[in-house]
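Numbering of ligands and ligand atoms starts at 1, following listing order.
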Amino acid sequence: MKILVTGANGGIGSALVQLAKSRGDYVVGVSRTPSTAHVTYQCDVLEVSCLSRAAAEVGQLDGIAALHGHGDAALWNKGLEELTADDFVEVYKVDVAGAFNVVKAFRKNLKPTSSLVFVSSTPGLVGDVYGLPYAAAKGAIVALVKSLAKILAPVRVNAVAFGPIETRWTQWIAAEEVEEFKSRTLLRRMGTPAEAAEAIYWLLSPASSYVTGQVIVVDGGETLVGLYRPTRSRT
Ligand SMILES: NC(=O)c1ccc[n+]([C@@H]2O[C@H](COP(=O)([O-])OP(=O)(O)OC[C@H]3O[C@@H](n4cnc5c(N)ncnc54)[C@H](OP(=O)(O)O)[C@@H]3O)[C@@H](O)[C@H]2O)c1
């Protein structure tokens, strides 16, 4: 396969690049910083001209994994009183409008059999007391994916809603909070970037050829245990 990965230098993104390359796929990375993909375009997903330059060069794509995400410790920890409308716009711009930019820029690179994969998150499905702008943006990704699946068919469009995956955000929080996140899952642990990459890879590949418009939850059972922690409610 020839796939394009945004956020290719992130925790999950670099695991996907590694997995795809190990299976013989050609990977085009899009990241603000260089990645280990075969080719990296150093683009911000909000820079349409940069994405368009990449689209003019990369040729036909079997899949796109849009894995970029705003990610900011300060915003994650802000409670309801501290949050502003600008905080929401900032996260929405990168996660949702950025995903839209990627689709728009690379639409002509798609084939009828191509597959697009976006990332949502368990707070986007069931809410959380942390990271309200993040939860709202990841909820919007679900609506984006379902709409694009209708607009772009037969191109397949899906999302993976991840529970806690051990990437750089775990460094923002205290050790006891890491343990709390683990206890929120049935498997009592965080997922690894490699496990996350496998789910994305399956959706990109022909192995999932009859799956479109879906949100696959990969969360170690977190949504069954529940994300609501009354003792940690933030107002
Ligand atoms: N880890 C989890 O527990 C978890 C759970 C649910 C959902 N997710 C989602 O999964 C995705 C990947 O997560 P991760 O944990 O791997 O995060 P990560 O390590 O922070 O990677 C995200 C990448 O997005 C890129 N990025 C940020 N803003 C960008 C912009 N404006 N333009 C282009 N690229 C931008 C950054 O790369 P550069 O700085 O190189 O550009 C960063 O490496 C994110 O969308 C995240 O919200 C993660």
Side-chain angles (χ1 to χ4, degrees), residues 4-19 28-37 40-51 54 64-76 89-102 105-106 117-128 130-142 144-145 158-173 177-178 180-182 184-185 187 189-197 199-200 203 215-220 222-223 227:
L4 181 130
V5 180
T6 71
N9 205 30
I12 297 173
S14 52
L16 179 64
V17 170
Q18 199 182 340
L19 176 69
V28 178
V30 174
S31 235
R32 291 170 306 178
T33 49
S35 80
T36 57
T40 308
Y41 288 93
Q42 282 184 246
C43 296
D44 190 304
V45 289
L46 299 176
E47 270 181 65
V48 176
S49 58
C50 188
L51 296 175
I64 297 178
L67 309 183
H68 61 272
H70 182 273
D72 181 274
L75 276 191
W76 176 262
V89 173
E90 201 182 310
V91 180
Y92 190 92
K93 243 166 67 180
V94 174
D95 286 32
V96 188
F100 169 75
N101 281 347
V102 171
F106 293 97
V117 181
F118 297 85
V119 269
S120 182
S121 183
T122 48
L125 305 181
V126 298
D128 198 359
Y130 289 98
L132 191 49
Y134 169 80
K138 292 308 192 193
I141 289 286
V142 173
L144 181 74
V145 159
N158 293 287
V160 185
F162 288 117
I165 306 294
E166 200 158 1
T167 60
R168 69 188 179 99
W169 70 276
T170 56
Q171 290 154 21
W172 305 342
I173 59 177
E177 281 185 295
V178 171
E180 190 187 328
F181 272 100
K182 290 180 186 170
R184 284 160 58 162
T185 71
L187 301 184
R189 65 175 179 85
M190 293 205 177
T192 65
E195 289 173 314
I200 296 165
L203 283 173
V215 180
I216 309 294
V217 181
V218 176
D219 72 344
E222 184 187 40
T223 41
L227 280 74

Side-chain donor-acceptor pair under 3.5 Å between S35 and T40, yes or no?
yes

Side chains of N9 and T33: do they bring a donor and an acceptor to under 3.5 Å?
yes

Kindly tell me which protein residues have any non-hydrogen atom under 4.0 angstrom away from an atom of ligand 1, grouped by chain and ordered by number?
G7, N9, G10, G11, I12, S31, R32, T33, C43, D44, V45, L67, H68, G69, V94, V119, S120, S121, Y134, K138, F162, G163, P164, I165, T167, R168, W169

What is the distance from atom CD1 of I200 to atom CD1 of I12, rounded to the nearest 0.5 Å?
6.0 Å

Determine whether the aromatic ring centres of residues Y134 and W169 are separated by less than 6.0 angstrom.
no

Can you tell whether the side chains of R184 and D128 come within less than 4.0 Å, N to carboxylate O?
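Yes.
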
I want to check something: taking the side chain as every heavy atom from C-beta on, are P164 and T185 in contact at a cut-off of under 4.5 Å?
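Result yes, sub-4.5 Å side-chain heavy-atom pair found.
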
